[in-house]
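Note: hydrogens, waters and symmetry copies are ignored here, and every other heavy atom, side chains too, is used. This chain uses plain numbering: 1 for the first residue, then up along the sequence.
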Amino acid sequence: MNRHMAQYMSGPQEEIGKNTRGAKHHLLVDRAVSRDCKTRLTNPCTAWIDYKKAYDSMPHTWILECLELYEINRTLRAFIRNSMGMWRTTLEANFKPIAQVTFKCRIYQEDVLSSLPFCIGLNTLSEISYKTGYGFQLQSGAVVSHLLYMDDIKLYAKSEQDIDSLIHTTRIYKNDNGMSFGLEECSQMVTKRGKVVGTKGIKLPKSNIADTEDSYKYLGIPQANGNYEEAARKAATTKYLQRVRQVLKSQLNGKNKIWAINTYALPVIRHLAGIISWPKEEIEATDIKTRKLLTIHPPSPAP
């Protein structure tokens with residue numbers, strides 16, 4: 001299915017596959033847009049869209065329809081359809097079963113197979129966003145209309161009218177497939193001559209999407225007219241050192257403590273590495289603190 005969908009996946013969705021940078025690619029594109037805005041003092045408008053319980057609300061009927069749309073192998077479609085038909089749970093009260101409920105929406109987040117059909121179900125949204133013709137044009141001539149990583153969506157446009165149209169296009173799409181916005185997590189930002197300005201927000205039929213008041217996190221990076229690099233570095237460093245302390249205070253032996261640091265603590269910093277600027281002095285200071293913690297908490301003797 002991965003090999004087959006490689007020819008159909010839109011640009012943003014391609015980074016979900018194998019041998020890609022994944023979320024880092026999206027963050028680098030977003031950083032390029034931010035720098036272009038500051039350098040040329042342009043007026044990009046952006047919006048962050050969050051689907052309410054996205055993994056639990058995408059209908060199985062929509063997933064199966066998209067699998068057929070992209071001509072997935074008939075045998076695989078039948079296998080997925082039959083598998084989804086057996087996704088059910090039992091309701092209990094006072095430790096006694098009441099009824100058995102079959103899932104008609106939701107996927108298993110930790111399941112290797114489920115994530116791909118979910119991305120296929122949202123790939124049509126990416127294609128529709130491209131066809132609108134809206135987007136922000138970089139100095140190089142490239143046009144960025146949106147970033148889509150799993151259910152994390154960020155929209156770009158050159159004016160308030162265009163970003164309004166993109167948001168409503170996304171709203172119509174989610175209405176068609178039975179999903180809904182998590183409005184408390186949605187926001188927009190309008191920039192004039194490189195500076196953020198306030199607006200009345202985007203009006204929706206039953207509510208509205210307000211301006212971002214302070215900052216917004218996209219794929220773990222705080223944003224507001226660009227990345228809050230200093231705040232992101234400090235938060236990541238603090239979290240990294242906290243996890244190092246947790247590992248070193250455990251009863252693990254020396255080998256397993258190093259293994260735990262590499263797999264539990266380092267990814268906090270690795271996620272930001274290459275995305276934001278990290279002064280050499282701060283890296284050296286963090287390294288010194290790590291070595292001090294290793295000295296203060298010697299490894300437990302091997303069993």
Side-chain angles (χ1 to χ4, degrees), residues 1-27 29 49-92 97-132 144-155 166 169-182 219-220 263 267 271:
M1 288 177 65
N2 274 316
R3 289 194 300 267
H4 175 79
M5 284 303 300
Q7 60 185 317
Y8 296 111
M9 282 295 192
S10 64
Q13 288 284 68
E14 288 177 352
E15 295 303 320
I16 297 174
K18 295 181 179 180
N19 302 320
T20 63
R21 292 190 176 186
K24 280 198 172 185
H25 173 85
H26 291 68
L27 292 172
V29 172
I49 302 298
D50 177 75
Y51 281 115
K52 188 176 182 180
K53 296 183 178 180
Y55 296 101
D56 294 335
S57 58
M58 179 171 286
H60 294 171
T61 52
W62 175 250
I63 293 176
L64 295 172
E65 185 173 342
C66 288
L67 294 179
E68 185 175 357
L69 174 67
Y70 291 112
E71 300 178 340
I72 297 296
N73 180 276
R74 184 179 302 176
T75 303
L76 287 176
R77 295 205 310 265
F79 168 75
I80 294 173
R81 183 186 301 108
N82 294 335
S83 297
M84 287 179 170
M86 295 186 288
W87 291 357
R88 55 177 61 93
T89 188
T90 301
L91 301 180
E92 296 183 354
I98 299 176
Q100 198 171 61
V101 179
T102 301
F103 295 127
K104 296 186 181 297
C105 297
R106 86 180 289 271
I107 63 169
Y108 291 109
Q109 296 187 37
E110 303 299 327
D111 181 61
V112 177
L113 175 62
S114 294
S115 59
L116 181 56
F118 177 81
C119 294
I120 294 174
L122 283 181
N123 191 59
T124 49
L125 171 60
S126 187
E127 293 178 345
I128 292 171
S129 298
Y130 275 126
K131 291 179 180 179
T132 61
V144 180
S145 63
H146 68 286
L147 294 175
L148 174 59
Y149 188 81
M150 299 303 288
D151 63 328
D152 291 313
I153 307 172
K154 186 172 183 180
L155 305 174
L166 274 175
T169 298
T170 308
R171 177 185 62 81
I172 294 171
Y173 177 88
K174 63 93 177 173
N175 287 340
D176 289 343
N177 62 21
M179 302 174 74
S180 59
F181 285 163
L219 298 177
T263 57
H271 177 65

Minimum-distance pair of heavy atoms, taken over all atoms of [X] and [Y]:
X: I49; Y: T170; answer: CG2-CG2, 4.1 Å
X: L166; Y: S129; answer: CD2-O, 4.3 Å
X: C66; Y: G121; answer: SG-CA, 3.9 Å
X: H146; Y: Y130; answer: CE1-CE1, 3.7 Å
X: P117; Y: M1; answer: CG-CE, 4.5 Å
X: H26; Y: L148; answer: NE2-O, 3.2 Å

Measure the [atom1]-[atom2] distance between [X] and [Y] for me, rounded to the nearest 0.5 Å.
X: L67; Y: M5; atom1: CG; atom2: CE; answer: 8.5 Å
X: Y8; Y: E71; atom1: OH; atom2: CD; answer: 4.5 Å
X: K154; Y: S145; atom1: NZ; atom2: OG; answer: 13.0 Å
X: Q100; Y: L91; atom1: CD; atom2: CG; answer: 9.5 Å
X: I72; Y: R77; atom1: CD1; atom2: CZ; answer: 8.5 Å

**Request:** Report yes if some heavy atom in the side chain of L125 is under 4.5 Å from a heavy atom in the side chain of I153; otherwise report no.
**Result:**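 Result yes, sub-4.5 Å side-chain heavy-atom pair found.
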**Asked** Between C119 and M9, is any pair of side-chain heavy atoms under 4.5 Å apart?
**Response** yes
**Request:** Please list, chain by chain and in numerical order, all residues satisfying side chain to side chain contact (heavy atoms under 4.5 Å, CB included) with L69, sequence neighbours excluded.
**Result:** T124
**Prompt:** Can you name the residues that form a side chain to side chain contact (heavy atoms under 4.5 Å, CB included) with T75, not counting sequence neighbours?
**Reply:**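 Checked T75 against side chain to side chain contact (heavy atoms under 4.5 Å, CB included); matches are N73.
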**CZ (R88) with more than 12 external heavy atoms under 6.0 Å** = yes
Can I get a per-line list of side-chain donor-acceptor pairs under 3.5 Å for residues 78-87, giving both atom names and the distance, sequence neighbours left out?
| unit_1 | atom_1 | unit_2 | atom_2 | d |
| --- | --- | --- | --- | --- |
| N82 | ND2 | A78 | O | 3.1 |
| S83 | OG | F79 | O | 2.8 |
| W87 | NE1 | S83 | O | 3.2 |

